[in-house]
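The block underneath contains the structure these notes are about, expressed in structure tokens.
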Amino acid sequence: MEYFPIFMRLAGEPCLLVGGGEVAVRKARLLQSAGARLTVVAPQLAPELAAMAAAGEVRHIDACFQPAQVGGQRLVVAATNQREVNRLVSQTAQAQGIPVNVVDDPELSSYITPAIVDRSPLVIAVSTGGGVPVLARLIRARLESLIPAGFGRLAQFAARFRDRVKARFGNVEERRAFWEAVLEGPLAEQVMNGDERAAEADLLQRLAAGDSTPSGAVYLVGAGPGNPDLLTFRALRLMQQADVVLYDNLVAPELMELVRRDAERIFVGKQRANHTMPQEEINTLLVRLAQEGKRVLRLKGGDPFTFGRGGEEIELLAEHRIPFEVVPGITSASGAAAYAGIPLTHRDHAQAVVFVTGHKKDGSIQLDWPALTRPDQTVVVYMGLAMAAEICDAFIAHGKAATTPAAVVQRATTAQQRTVVGTLASLPAKIAQSGIASPALIIVGDVVALSSRLGWFRDVEEVVLTPDAQQ
């Protein structure tokens, strides 16, 4: 290693920052967050530094750098745009054995500042030895997406019980097993969700029982409309730590590539009139797997609570007192509308939006048509493709104009997205002629007409009906 990684305690320590520009501002923020007693030497200060000095947060020396200013400092940073000044700062500090960093100049630095992921007290530093700082920042950005903000709270919580755990488990392997069960299970999720009182009670109970076995839990996670980039950070983290994954037909293969490699995968997909596993069996399976001590991920397309049967699944979990968590996802309606350039609400066209499902358990269509045909609103129909003709006819029969714009969006947000726009009168024929297939959503309302101008992801397909189809 060219640089030895080390974390330095600066709380209450005197530190010197030479320079007053925007680069110096960034360094001042870091040093201040570490609790340093900061002195800034510069004839002029950027507005943020000036505000810090005026508030007494930093000491300002309104002058050019002088070697005498280095004496007694714990750390020195040079952040001027004059290399000769920076060189003098570096030589003076190193002559006195004081660590010094010259921003963007590894040659003059005795230490370098890494890219930092701050989840205090958990801190992660990433360095490329000063050679490619942009790469370090890119890696930091990826880590930021993988490490939840609540990890800092979890680290503080665990530190409080370190001595008690050590006293309870004399064997190193037992302690490791205990902490792995705690930090990767539902107790950790309780802490990160802010319920430390319940987490503490659970941990003390486990300590008293000497229990180092993993606790089972179920995570009901919305995978969004299909594009992996639209996953939430929390969804991605749970996908990568689950022992078992139950996924359905609406979860794109690209999303399954993000699941932990050695996790057991169980397909429980549902298509119209073709259920791989009945819902009741899925509910029972979730309970059984959790009772075996496994972390179970129930991965659903869209959002679990928007026509995702999430409520049905967690009812049985609650009945059996199994810990569970629901992680919302971007709804299929939101994803389809956004990627098709169809705003669900618009001050000139729609002041309300309604989500409905195209069929009930028995396959019938029983909707509140007077409510759905009100003016100035958008209606999104889930699972309605197979009944598109009946649905469009029902809209018209209940008073909606046959010329009302209507669209179907297939595989929204993915590279396979297709959007076909028509009217209530023409859309069923266009669906048939274009070969649109599930998964797809139907959107009805004046806002659909905006797609020709606002569509940005994929062009709307121009489906010209043949004379036979028009009839």
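By convention here, the first residue in the shown sequence is residue 1. Small disclaimer: the values here were computed from a predicted structure and weren't measured.
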Check: Would you say the side-chain atoms of Gln377 pair up with the backbone N or O of Ala371, donor to acceptor, closer than 3.5 Å?
Finding: yes
Presence of salt bridge, Arg260 and Glu264, under 4.0 angstrom: no
| query | Using the ring of each side chain (for Trp, its six-membered ring), is Tyr339 parallel, tilted or perpendicular to Trp456, with breaks at 30° and 60°? | reply | tilted
Interatomic distance, CD@Gln240 vs CG@Leu297, rounded to 0.5 Å, equals 11.0 Å
N/O donor-acceptor pair under 3.5 Å between Asp195 side chain and Val191 backbone: no
query = Donor-acceptor pair, Lys294 side chain versus Asp243 backbone, under 3.5 Å?
reply = no
Nearest heavy-atom approach of Gly194 to Arg153 is N-NH1, 4.0 Å
Judged by atom type as modelled, is there a donor-acceptor pair below 3.5 Å linking the side chain of Arg119 to the main-chain atoms of Pro148? yes
Pair Leu187, Leu203 - check side chain to side chain contact (heavy atoms under 4.5 Å, CB included), show working. CA-CA 7 Å; Leu187 191 151; Leu203 187 142; 3.7 Å; yes
d(His398 NE2, Leu367 CG) to nearest 0.5 Å is 9.5 Å
Here the pair of heavy atoms bringing Ala290 nearest to Val296 is N-CG2, 3.9 Å
Does CG in Asp104 sit with more than 12 non-hydrogen atoms of other residues, nucleotides or ligands closer than 6.0 Å?
no
**Request:** Please examine the side chains of Gln32 and Arg29, heavy atoms only from C-beta on, and report whether any two atoms are closer than 4.5 Å.
**Result:** no
Any non-hydrogen side-chain atom of Leu143 less than 4.5 Å from a side-chain atom of Arg140?
no
Nearest heavy-atom approach of Gln351 to His346 is NE2-O, 3.3 Å
- Message: If we ignore hydrogens and angles and just use 3.5 Å, is the side chain of Lys400 paired with the main-chain N or O of Arg374 as donor and acceptor?
- Response: yes
Note to self: Could you go through Glu22 and Glu48, starting from their C-alpha distance and side-chain angles, then the distance that decides it, and tell me whether this counts as side chain to side chain contact (heavy atoms under 4.5 Å, CB included)?
What the structure shows: CA-CA 9 Å; Glu22 290 301 324; Glu48 186 174 338; 5.5 Å; no
Between Thr306 and Thr331, the two heavy atoms sitting closest are OG1-CG2, 3.8 Å
Discussion item. Arg234 vs Val221, test: side chain to side chain contact (heavy atoms under 4.5 Å, CB included). Steps then yes/no.
Written reply: CA-CA 9 Å; Arg234 195 169 191 84; Val221 173; over 6 Å; no
| request: Please lay out, stage by stage, how Arg458 and Thr419 fare under the test side chain to side chain contact (heavy atoms under 4.5 Å, CB included). | output: CA-CA 8 Å; Arg458 289 283 187 273; Thr419 304; 5.6 Å; no
Exercise. Between the side chains of Ser215 and Arg295, does any donor sit under 3.5 Å from an acceptor?
Worked result: no
Rounding to 0.5 Å, atoms OG1 (Thr404) and CG (Asp446) come to a distance of 6.5 Å
Residues passing the side-chain contact (heavy atoms from CB on, under 4.5 Å) test with Ala437, sequence neighbours excluded, are Gln410
Side-chain contact test, heavy atoms from C-beta onward, threshold under 4.5 Å: evaluate it for Pro343 versus Leu450 and give yes or no. yes
Taken to the nearest 0.5 Å, the spacing of Leu154 CG from Leu122 CG works out to 9.0 Å
Note: Ala79 and Val23 closest approach over all heavy atoms is CB-CG1, 4.2 Å
**OP:** Compare all side-chain heavy atoms of Val287 with those of Glu319 and state whether any distance is below 4.5 angstrom.
**Re:** no
Between Glu196 and Arg160, does at least one N-O distance fall below 4.0 Å, as a salt bridge requires? yes
Is a side-chain donor or acceptor of Tyr111 paired with a backbone partner of Tyr3 at a separation under 3.5 angstrom? no
**Request:** Look only at the side chain of Arg411 and the backbone of Ala252, and say whether a donor-acceptor pair between them is shorter than 3.5 Å.
**Result:** no
The reported gap from CD in Gln190 to CD in Glu200 (rounded to nearest 0.5 angstrom) is 11.5 Å
Pairwise side-chain contact, Leu246 with Leu299, heavy-atom cut-off 4.5 Å (strictly under): no
For Phe324, the ring-ring contact (aromatic ring centres under 6.0 Å, His included) test, sequence neighbours excluded, returns none
When every non-hydrogen atom of Leu424 is compared with those of Cys392, the smallest separation belongs to O-CB, 3.3 Å
**Prompt:** Checking Thr378 side chain against Leu344 main chain: does a donor-acceptor pair fall under 3.5 Å?
**Reply:** yes
Between Lys430 (side chain) and Val421 (backbone), is there a donor-acceptor pair under 3.5 Å?
yes
- Does His349 use its side chain to pair, donor to acceptor, with the backbone of Thr345 at less than 3.5 Å? no
Residues at least two apart in sequence or cross-chain that pass side chain to side chain donor-acceptor pair (under 3.5 Å) with Asp229, listed by chain then number, are none
One should read off an interatomic distance between Phe305 CZ and Glu313 CD, to the nearest 0.5 angstrom, of 9.5 Å
Checklist entry - Does Arg237 come within less than 4.0 Å of Glu189, counting only side-chain N to carboxylate O? => result yes
Would you sort out whether Tyr247 and Phe267 count as a ring pair (Phe, Tyr, Trp, His ring centres under 6.0 Å), showing the intermediate values? CA-CA 5 Å; Tyr247 65 103; Phe267 179 63; 5.4 Å; yes
- Query: Is Val244 close to Arg265 at the side-chain level, that is, under 4.5 Å between some pair of heavy atoms?
  - Reply: no
Under a 4.5 Å cut-off applied to non-hydrogen side-chain atoms, are Arg298 and Leu286 in contact? yes
* Heavy-atom distance under 4.5 Å between the side chains of Ile330 and Asp303, does that happen here? -> no
